[in-house]
2 protein chains.
Amino acid sequence: MSDKESETEGLIKEAARKLFHEKGFAGTKTRDIAEAAQINLALLNYYFRSKKKLYDIIMMESIQHFFSDLVVVINNAETNFLEKLQELAIIYIDMLSQNPDIANFILNEVRQHPDQFTSKLGALEMAKNSVFLKQYTEAVKEGVIPPVHPAHFLMNFAGLVVFPFIVTPMVSVVTGLPRTDLIELIQERKRLVPLWIQSMLQVK
Amino acid sequence: MSDKESETEGLIKEAARKLFHEKGFAGTKTRDIAEAAQINLALLNYYFRSKKKLYDIIMMESIQHFFSDLVVVINNAETNFLEKLQELAIIYIDMLSQNPDIANFILNEVRQHPDQFTSKLGALEMAKNSVFLKQYTEAVKEGVIPPVHPAHFLMNFAGLVVFPFIVTPMVSVVTGLPRTDLIELIQERKRLVPLWIQSMLQVK
DNA sequence: ATTTGAATTAAACAAATGATTAAATCAATT
DNA sequence: AATTGATTTAATCATTTGTTTAATTCAAAT
């Protein structure tokens with residue numbers, strides 16, 4: 001595999017990840033990364049050649065971090081539909097609690113460069129052939145679930161799990177609750193979201 | 001009030017709005033705005049003094065556009081809770097269908113400058129004193145609705161209505177459906193979201 | 001101790017970018 | 001037609017920003 005990265009290489013990546021997640025590519029300046037990592041500016045180009053190449057690495061690792069668990073869970077043949085929902089809610093609320101900007105980062109990237117994302121994400125085909133989707137379409141066939149487009153279900157579940165982390169800053173402003181308190185509140189959703197989704201699946 | 005804006009002033013604002021919505025402040029270059037508006041670069045500063053002042057105007061108008069209807073609907077004493085949900089779903093899905101990036105634009109801004117947003121949005125106090133919230137807390141008291149924090153409800157409803165427009169690019173990549181098809185599909189949610197929310201309110 | 005290559009630094013470069021200037025054109029008024 | 005102020009233009013300025021260079025320091029091998 002690749003060589004183990006040096007100390008400074010790691011410092012640069014950590015600083016870059018934080019800043020890219022917060023401010024995006026255009027909003028992050030190489031000098032800000034150097035300052036945050038407490039390294040000489042030239043070392044960025046020494047280790048990563050260019051800002052863009054560094055960004056691509058961070059983006060790749062972020063996508064991998066965000067989707068790697070998903071692929072495992074939705075292809076587990078041992079768990080049923082509801083169990084998968086419960087597991088996913090816990091995993092993703094935990095992940096996003098520790099990394100509140102990663103969803104925004106990835107979604108903004110996909111919005112601006114949808115094409116490149118297609119190639120990067122092999123999980124595309126994964127999802128279409130997943131046990132999860134089979135269980136979903138099966139349930140529709142059996143009449144256990146109403147025939148709404150799977151895209152609706154996807155947007156509902158992702159909306160209930162991911163969206164709170166995207167609106168946290170605004171909800172914080174509107175309610176006056178600090179961001180940390182809201183993230184604490186969001187923990188309740190590990191239990192609630194699967195219940196909500198279940199009840200939604202009764203509709204119509 | 002203010003003077004009616006000149007022709008070119010409008011051209012600049014329209015181009016700026018589109019680009020700021022798509023690429024944000026740092027990602028939008030003044031030359032890109034000038035080119036998109038088909039005007040001389042200097043006219044941007046002639047009419048708006050600086051890129052930042054132009055951005056502030058666009059941001060202010062976007063926030064106003066996004067929240068002005070909300071304030072009216074949630075303070076309507078003539079409609080009940082469910083009717084408000086139905087009305088809001090229709091209004092916002094229509095608005096976002098015509099302006100798919102406005103939510104992202106505002107949410108990104110709030111995330112990076114939460115403080116300034118507080119002052120800009122007088123709707124803050126509006127929401128706290130709204131008929132809508134009174135009807136919600138009343139329903140909780142009467143036991144019609146389980147005692148979940150209003151912030152959960154806010155995130156649920158916004159998540160079901162707004163989030164689809166935020167993930168549209170990714171869902172498009174994953175499902176292979178064109179963005180326009182997805183926005184067409186999302187129209188169904190004018191009817192579905194209020195039903196879903198209702199069934200969720202039975203939980204626990 | 002010397003050598004050698006990697007790592008680090010300060011300085012500078014070149015392009016991009018926001019803003020300004022001074023001259024020109026235009027349009028309305030006298 | 002002449003005047004006047006607003007509008008538009010081409011050119012330029014000053015700063016920011018990504019990158020490179022050349023010299024220096026460091027650490028390991030001989």
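A, B, ... follow the sequence lines: proteins, then strands. Residue 1 opens every chain.
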Sequence-distant partners of B:Val162, side chain to side chain contact (heavy atoms under 4.5 Å, CB included), two or more places apart: A:Phe163, B:Leu96, B:Ala103, B:Ile166
Footprint string (nucleotides 17-29 of chain D, 5' to 3'): B base within contact, S backbone only, - free, heavy atoms under 4.0 Å: BBBBB--------
Rounded interatomic separation in angstrom, taking CD1 from B:Ile39 and C1' from D:dA10: 14 Å
Boundaries of the DNA chain C segment in contact with chain B, non-hydrogen, under 4.0 Å: C:dT17 to C:dT21
Of A:Ile39, A:Ile12, A:Leu54, A:Leu11, the residue whose pairing with A:Tyr47 passes side-chain contact (heavy atoms from CB on, under 4.5 Å): A:Ile12
All side chain to side chain contact (heavy atoms under 4.5 Å, CB included) counterparts of A:Asn45, not counting sequence neighbours: none
Could you tabulate the donor-acceptor pairs under 3.5 Å formed by side-chain atoms of residues 145-160 of chain A, not counting sequence neighbours?
{"from": "A:His149", "atom 1": "ND1", "to": "A:Ala151", "atom 2": "N", "distance (Å)": "2.9"}
{"from": "A:His152", "atom 1": "ND1", "to": "B:Arg189", "atom 2": "NH1", "distance (Å)": "2.9"}
{"from": "A:His152", "atom 1": "NE2", "to": "B:Glu188", "atom 2": "OE1", "distance (Å)": "3.1"}
{"from": "A:Asn156", "atom 1": "OD1", "to": "B:Arg189", "atom 2": "NH1", "distance (Å)": "3.1"}
{"from": "A:Asn156", "atom 1": "OD1", "to": "B:Arg189", "atom 2": "NH2", "distance (Å)": "2.4"}
{"from": "A:Asn156", "atom 1": "ND2", "to": "A:His152", "atom 2": "O", "distance (Å)": "3.4"}

Contacts of B:Thr180 that satisfy side-chain hydrogen bond (donor to acceptor under 3.5 Å, both in side chains) - sequence neighbours left out: none
Touch class at under 4.0 angstrom, heavy-atom based, for A:Tyr47 against every strand present: sugar-phosphate
A:Lys190 (side chain) donor-acceptor with A:Asp94 (main chain) under 3.5 angstrom: no
Under-4.0 Å side-chain N/O to phosphate OP1/OP2 contact, B:Thr8 with D:dT8: yes
Aromatic ring pairing B:Phe20/B:Phe25, orientation class (parallel under 30°, perpendicular over 60°, tilted between): parallel
Backbone N/O of B:Ile183 and side chain of B:Gln187: donor-acceptor pair under 3.5 Å: yes
